[in-house]
Amino acid sequence: MFSFTASTDVSSDEYYQELVSQLTGLLSEERDLICNAAQLSAFIMQMVPDLNWSGFYFAREEELVLGPYVGKVACTRIPFGRGVCGKAAETLETQRIEDVHAFEGHIACDADSASEVVIPVLVEGRLIGVFDMDSPNVNRFTEKDQKGLEALVNVFVKATDFAWHF
Ligand code: SME
């Protein structure tokens, strides 16, 4: 059984450092892409409060295709440039959206979602996909959350063998 608890509060500067170290341990003995993608999704859902969706879309030519996730059933394919995920894939920049209802083109997979962070996953400069997190709270994600979540995605990138994807 895996049991994760953090000794610091989510608002503290150390919180994401703790999560980085726990995730590094969790992924340390496994290199498989699907396995680690599923573990990252579940770990973030478990350890980051107030989320309703956490998971991957993988890049397939000019489209994103749904990968491992935790949350309600989601849309399966998103063209680059569409919605928050498509924008992250097109710009290769993290999208942190305070209020998804004010984002033109937002794709509402789960009506509960109110704010969202989408992090492009880059391996040796190539786009593998995006990692998407939704919250039912408006303005859930601060800049500190964004940096912490990017650090967690980076742990996943370093721990994983992407040969199968290429
Ligand atoms: N809201 C996303 C779609 C994916 S779901 O949130 C899981 C978007 O606008 O790209």
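All heavy atoms count here, side chains included; hydrogens, waters and symmetry mates do not. Positions are given from 1 along the sequence. Atoms within a ligand are numbered from 1 in the order they appear, just like the ligands themselves.
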**Atoms in ligand 1 flagged as close to His106, the criterion being non-hydrogen separation under 4.0 Å** = 1 (N), 9 (O)

**Request:** For Tyr57, take its heavy atoms, then give the atoms of ligand 1 lying under 4.0 Å from any of them.
**Result:** 4 (C), 7 (C)

**Prompt:** Are Val48 and Leu149 close enough that some pair of their side-chain heavy atoms sits under 4.5 Å apart?
**Reply:** yes

**Message:** Students should be able to answer this: which protein heavy-atom is nearest to atom 10 (O) of ligand 1, and at what distance?
**Reply:** Cys85 N, 2.8 Å

**Prompt:** Okay, side chain of Glu61, backbone of Glu63: is any donor-acceptor separation there less than 3.5 Å?
**Reply:** no

**Asked** At a non-hydrogen distance cut-off of under 4.0 Å, which region of Cys109 contacts ligand 1 (side chain, backbone, both, or neither)?
**Response** side chain

**Asked** Which ligand 1 atoms does Asp132 reach within 4.0 Å, using its non-hydrogen atoms?
**Response** 4 (C), 5 (S), 6 (O), 7 (C)

**Request:** Look at the aromatic rings of Phe162 and Phe156 and report parallel, tilted or perpendicular, splitting at 30° and 60°.
**Result:** perpendicular

**Prompt:** Quick one: does Ala108 get an N or O within less than 3.5 Å of an N or O on ligand 1?
**Reply:** no

**Message:** Can you report which non-hydrogen protein atom sits closest to atom 1 (N) of ligand 1, along with the distance?
**Reply:** Ile107 O, 2.7 Å

**Message:** If we count only N and O atoms by modelled type, under 3.5 Å, do the side chains of Asp9 and Ser12 hold a donor and an acceptor together?
**Reply:** no

**Complete:** Within 4.0 Å of some non-hydrogen atom of Gly83, the atoms of ligand 1 are 9 (O), 10 (O)

**Request:** Select one of side chain, backbone, both or neither to describe which atoms of Asp110 lie under 4.0 Å from any atom of ligand 1, heavy atoms only.
**Result:** neither

**Message:** Test your reading of the model: is there a side-chain donor-acceptor pair from Ser113 to the backbone of Pro136, 3.5 Å cut-off?
**Reply:** no

**Prompt:** Does the side chain of Tyr69 pick up a donor-acceptor pair with the side chain of Asp132 at under 3.5 Å?
**Reply:** no

**Prompt:** Are Arg140 and Asp134 close enough, and set up right, to give a salt bridge (Lys or Arg N to Asp or Glu O under 4.0 Å), and what steps lead you there?
**Reply:** CA-CA 9 Å; Arg140 159 67 187 83; Asp134 289 5; over 6 Å; no

**Asked** For Glu143, what residues pass the side-chain contact (heavy atoms from CB on, under 4.5 Å) criterion, not counting sequence neighbours?
**Response** Arg96, Lys147

**For atom 8 (C) of ligand 1, closest protein heavy-atom neighbour** = Val84 N, 3.4 Å

**Complete:** Those residues at least two apart in sequence (or on a different chain) that pass side-chain hydrogen bond (donor to acceptor under 3.5 Å, both in side chains) with Ser21 are none

**Prompt:** Is any N or O atom of Asp134, backbone or side chain, closer than 3.5 Å to an N or O atom of ligand 1?
**Reply:** yes

**Request:** Answer side chain, backbone, both or neither: which part of Phe103 comes under 4.0 Å from ligand 1, heavy atoms only.
**Result:** neither

**Asked** Which atoms of ligand 1 have any heavy atom of Glu116 under 4.0 Å away?
**Response** 1 (N), 2 (C), 6 (O), 8 (C)

